[in-house]
Protein chains: 2
Amino acid sequence: MPPPPPITNTIRRLRFDHGEMTQQELAHRIGMTRQTIAAIEQNKYSPSLEAAFRIAEVFGVEIGEVFQWKKSGP
Amino acid sequence: MPPPPPITNTIRRLRFDHGEMTQQELAHRIGMTRQTIAAIEQNKYSPSLEAAFRIAEVFGVEIGEVFQWKKSGP
DNA sequence: CCGTCATGTATATTATTTTTTACATTGATG
DNA sequence: CATCAATGTAAAAAATAATATACATGACGG
């Protein structure tokens, strides 16, 4: 089991803000499988940059609104 | 040789805009190797989302200012 | 000319992401 | 209760990213 990545996301909220879009539907729109969406939502790992761009595009927002970087404190 | 990814970047320009920062220096700051930076600059592949966040952080800009998504035309 | 620094490049190897296949759980609905 | 849709999960395989090591080139200064 890999350590959780230092990136969180709001995909779940965005899906429901967009008419309760299912994982299936989102996955289909960006050319991924449902399992991959599920894994990303649960922070099993963070997606590739390309996948991140496509997800943001589906919801019409910036990448920063989908994924949040946890900086290491000063 | 893999096909070039549909993402371009402005790392090269950003480096020179920031005091001609070398690939070595950038790589060191984000915990990557010089070869990886070189490969990304030349679009051999696109970085992980985490790497992308760290690069943007170094230059103090949004991810969208470092990486540009080429949408498929209408 | 010689050495050094920055970069390009190549190959092999490791790590990470994604797919595929498959089964379990939960909530709604007939 | 049976069924269906949406989600969680798991293991193996495929695809992609990243490292390590190594050698080459051009620019630049001593």
Side-chain angles (χ1 to χ4, degrees), chain A residues 1-59 62-72, chain B residues 1-59 62-72:
Chain A
M1 186 170 40
I7 291 180
T8 56
N9 68 82
T10 52
I11 296 178
R12 208 165 198 150
R13 188 167 56 67
L14 286 166
R15 280 198 299 116
F16 282 89
D17 287 353
H18 287 247
E20 308 205 350
M21 182 187 301
T22 64
Q23 294 180 340
Q24 182 68 255
E25 167 72 6
L26 174 57
H28 176 253
R29 288 227 222 168
I30 67 183
M32 274 190 167
T33 63
R34 173 180 84 72
Q35 287 83 345
T36 304
I37 297 294
I40 292 169
E41 281 193 2
Q42 294 165 100
N43 287 309
K44 296 258 176 65
Y45 44 73
S46 32
S48 70
L49 185 56
E50 300 195 7
F53 263 102
R54 284 195 292 248
I55 292 169
E57 192 183 15
V58 164
F59 294 123
E62 297 292 313
I63 283 199
E65 295 192 54
V66 187
F67 300 95
Q68 293 81 39
W69 174 250
K70 297 191 200 298
K71 304 181 185 182
S72 45
Chain B
M1 183 169 46
I7 291 180
T8 56
N9 69 82
T10 51
I11 297 178
R12 206 165 198 149
R13 187 168 56 67
L14 286 165
R15 279 198 298 115
F16 280 89
D17 288 352
H18 287 247
E20 307 205 352
M21 182 187 300
T22 65
Q23 293 180 338
Q24 181 69 256
E25 167 72 6
L26 174 57
H28 176 254
R29 287 229 223 169
I30 67 183
M32 274 192 167
T33 63
R34 171 180 86 71
Q35 287 84 345
T36 302
I37 298 294
I40 293 169
E41 281 193 2
Q42 296 166 97
N43 289 307
K44 296 255 177 67
Y45 47 74
S46 33
S48 70
L49 185 56
E50 299 194 8
F53 264 103
R54 284 196 291 250
I55 292 170
E57 192 183 15
V58 164
F59 295 124
E62 297 293 312
I63 283 200
E65 295 191 53
V66 186
F67 300 95
Q68 293 80 39
W69 174 252
K70 297 192 201 299
K71 304 180 185 183
S72 44

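Predicted, not measured: the structure shown is a model, and the values here were computed from it. So you know, we letter chains A, B, ... as the sequences are listed, proteins then strands, and number each from 1. Side-chain atoms are counted along with the backbone in the values below, which use heavy atoms only and exclude waters and symmetry mates.
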With each end axis built from five pairs of C1' atoms, what bend angle do you get for the helix from C:dC1-D:dG30 to C:dG30-D:dC1? Round to 10°. 30°
Of the residues in residues 21-33 of chain A, which ones touch DNA chain D at a heavy-atom distance under 4.0 Å? A:T22, A:Q23
State the CZ-CD1 distance between B:R15 and B:I37, to the nearest 0.5 angstrom. 8.5 Å
Locate the shortest heavy-atom distance separating B:F67 from B:I55; write the atom from each residue and the value. CZ-CD1, 4.2 Å
Whole angstrom value for the distance that separates C1' of C:dG8 from NZ of B:K44: 7 Å
Check the distance between C:dT17's C1' and A:I7's CD1 and give it to me in whole angstrom. 13 Å
Between C:dT18, D:dA17, C:dC23, which one does the side chain of A:R34 approach most closely? C:dC23
A:L14 versus A:E65, closest heavy-atom pair with distance: CD1-O, 4.1 Å
Which heavy-atom pair separates A:F53 from B:W69 by the least distance, and what is that distance? CD2-CB, 3.4 Å
In whole Å, what is the span from the CD atom of A:Q35 to the C1' atom of C:dA22? 9 Å
Would you give the length of the straight line joining atom CZ of A:R12 to atom CG of A:D17, rounded to the nearest 0.5 angstrom? 13.5 Å
Minimal heavy-atom distance between A:I7 and A:N43, with the atoms involved, is O-OD1, 2.9 Å
Measuring from the side chain of A:Y45 (C-beta onward, heavy atoms only), which nucleotide among D:dG8, C:dT19, D:dA17 has the closest atom? C:dT19
Listed in order of residue number, which residues of residues 46-54 of chain A have a non-hydrogen atom at under 4.0 Å from DNA chain D? none
Check the distance between D:dT16's P and B:N43's CG and give it to me in whole angstrom. 16 Å
Smallest heavy-atom separation, A:A51 atom then A:M32 atom, equals CB-CE, 3.1 Å
Under 4.0 Å, counting only non-hydrogen atoms across every strand here, what does B:Q42 touch: a base, just sugar-phosphate, or nothing? sugar-phosphate
When rounded to the nearest 0.5 Å, the distance separating OG1 of B:T10 from CD of B:E41 is 10.0 Å
Round to the nearest Å and state the distance from A:F67 atom CZ to C:dT17 atom P. 12 Å
In whole Å, what is the span from the CD1 atom of A:I40 to the C1' atom of D:dT7? 15 Å
Can you tell me how far the CZ atom of A:R34 sits from the NE2 atom of A:H28, to the nearest 0.5 Å? 14.5 Å
Quick check on B:E62: does its CD atom have over 12 non-hydrogen neighbours (other residues, nucleotides or ligands) under 6.0 Å away? no
Nearest atoms (heavy-atom pairs only) where B:P47 meets A:L49: O-CB, 3.3 Å
What's the CZ-C1' distance between A:R12 and D:dT7, to the nearest Å? 8 Å
